[in-house]
Amino acid sequence: MPILEAYDLYRFYHVGDSETLALRGVSLKVAPGEMVAVMGPSGSGKSTLLACLSGLDDPDGGAVDLLGRRLSRRPERERAAMRAATIGVLLQSGNLFAHLSIEQQVQLELRLAGKPVQPRLTEVLNQVGLAHRRHARPAQLSGGEAARAGLAVALAVAPPLLLADEPTAEVDAETEAQILGLFAAHRAAGGAALIVTHSEALAAHMDRVVRLRDGRIHAPSI
Ligand code: ADP
């Protein structure tokens, strides 16, 4: 069974009299352990797709199944519970609480999931190269450190599926390498991912690339 399956997704935005067709019939599957990149020009619908796949937004047409259970068109509370059990989400708006240290945010994720804090806390902080910054809050971090901290939080509970929007946008080469290392560890642990990216280097580490154009899948390639 696919971990994630989307059927014929449509999403329209209305601003005044104008209508934007952000998604026009997108179908895709992610198998357990599969790593998929979503690429496409700005405005092609990538962020809208990710929001629908994570259940943070509801499509206007079509449906999303998570591990064979319908995720779309459910009350938000149920969607949140399904998301918490299966998906780590990293959106461009970030996923860090301003008033908590990096260590506290990872601890919080683990506690909410009912998982032991150690050894995972130390492991994930080491993987993102932030062990020495464990007591820093988001405002004290550089852009690259914040990107790694966000990913550490999204991957804290080793979710079966990671959904991430531009995790390497505006990071330097060293940070990108660390993030790639984190994806490699996620994959080695059997994790699946669907990652929106402009980075060909990142896409080259995925199993498959799905290309979006004007809200449609343009040319899926191996
Ligand atoms: P991408 O992530 O590929 O840049 P988006 O999913 O952000 O694409 O946007 C797809 C299209 O939908 C764009 O034309 C964008 O302007 C439009 N859009 C996205 N979000 C909204 C919104 N909240 N209201 C109106 N239009 C939107």
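Small disclaimer: the values here were computed from a predicted structure and weren't measured. In each ligand, atom 1 is the first atom listed, and ligand 1 is the first ligand listed. By convention here, the first residue in the shown sequence is residue 1.
For atom 9 (O) of ligand 1, the closest heavy atom belonging to the protein is T48 OG1, 4.0 Å. Here the protein heavy atom with the shortest distance to atom 25 (C) of ligand 1 is Y13 CB, 3.4 Å. Of all protein heavy atoms, the one lying nearest to atom 13 (C) of ligand 1 is G43 O, 3.8 Å. With hydrogens left out, the protein atom closest to atom 7 (O) of ligand 1 is S47 CB, 3.8 Å, a heavy atom. Shortest contact from atom 8 (O) of ligand 1 to any protein heavy atom: G45 N, 3.1 Å. Atom 3 (O) of ligand 1 has K46 NZ, 2.8 Å as its closest protein atom, hydrogens excluded (heavy atom only).
Under the 4.0 angstrom criterion, atom 18 (N) of ligand 1 counts as having a protein heavy-atom contact. Less than 4.0 angstrom separates atom 15 (C) of ligand 1 from none of the non-hydrogen atoms of the protein.
In this structure, T86 contributes its side chain and R83 its backbone to no donor-acceptor pair below 3.5 Å. Put simply, the side chain of D165 never gets that close to the backbone of V196: no donor and acceptor are under 3.5 Å apart. Of the possible donor and acceptor atoms, one in the side chain of S199 sits under 3.5 Å from a partner among the backbone N and O of A201. For the pair R11 (side chain) and L23 (backbone), a donor-acceptor distance under 3.5 Å is absent. Side chain of R133 to backbone of E145: no donor-acceptor contact under 3.5 angstrom is found.
Within the structure, ligand 1 lacks A51 among the residues with a heavy atom less than 4.0 angstrom away. Distances from ligand 1 to the non-hydrogen atoms of S44 include at least one value under 4.0 Å.
Residue V15 touches ligand 1 through its side chain alone, judged by heavy-atom distances below 4.0 Å. Residue contacts with ligand 1, taken as heavy atom pairs separated by less than 4.0 Å, involve T20 solely via side-chain atoms from C-beta onward.
Evaluation of the side-chain contact (heavy atoms from CB on, under 4.5 Å) rule for H198 yields K46, E166 as partners, not counting sequence neighbours.
The side-chain heavy atoms of R148 and V171, taken from C-beta on, include no pair separated by under 4.5 Å.
Atom numbering of ligand 1 starts at 1 in the shown order; those under 4.0 Å from a heavy atom of S42 are 4 (O). In the vicinity of P41, heavy-atom distances shorter than 4.0 Å reach the ligand 1 atoms 3 (O).
With side-chain heavy atoms closer than 4.5 Å counting as contact, directly or through intermediates, the hydrophobic cluster containing L108 also holds F97, L100, L112.
More than 12 heavy atoms of other residues, nucleotides or ligands shown are found within 6.0 angstrom of CZ on R73.
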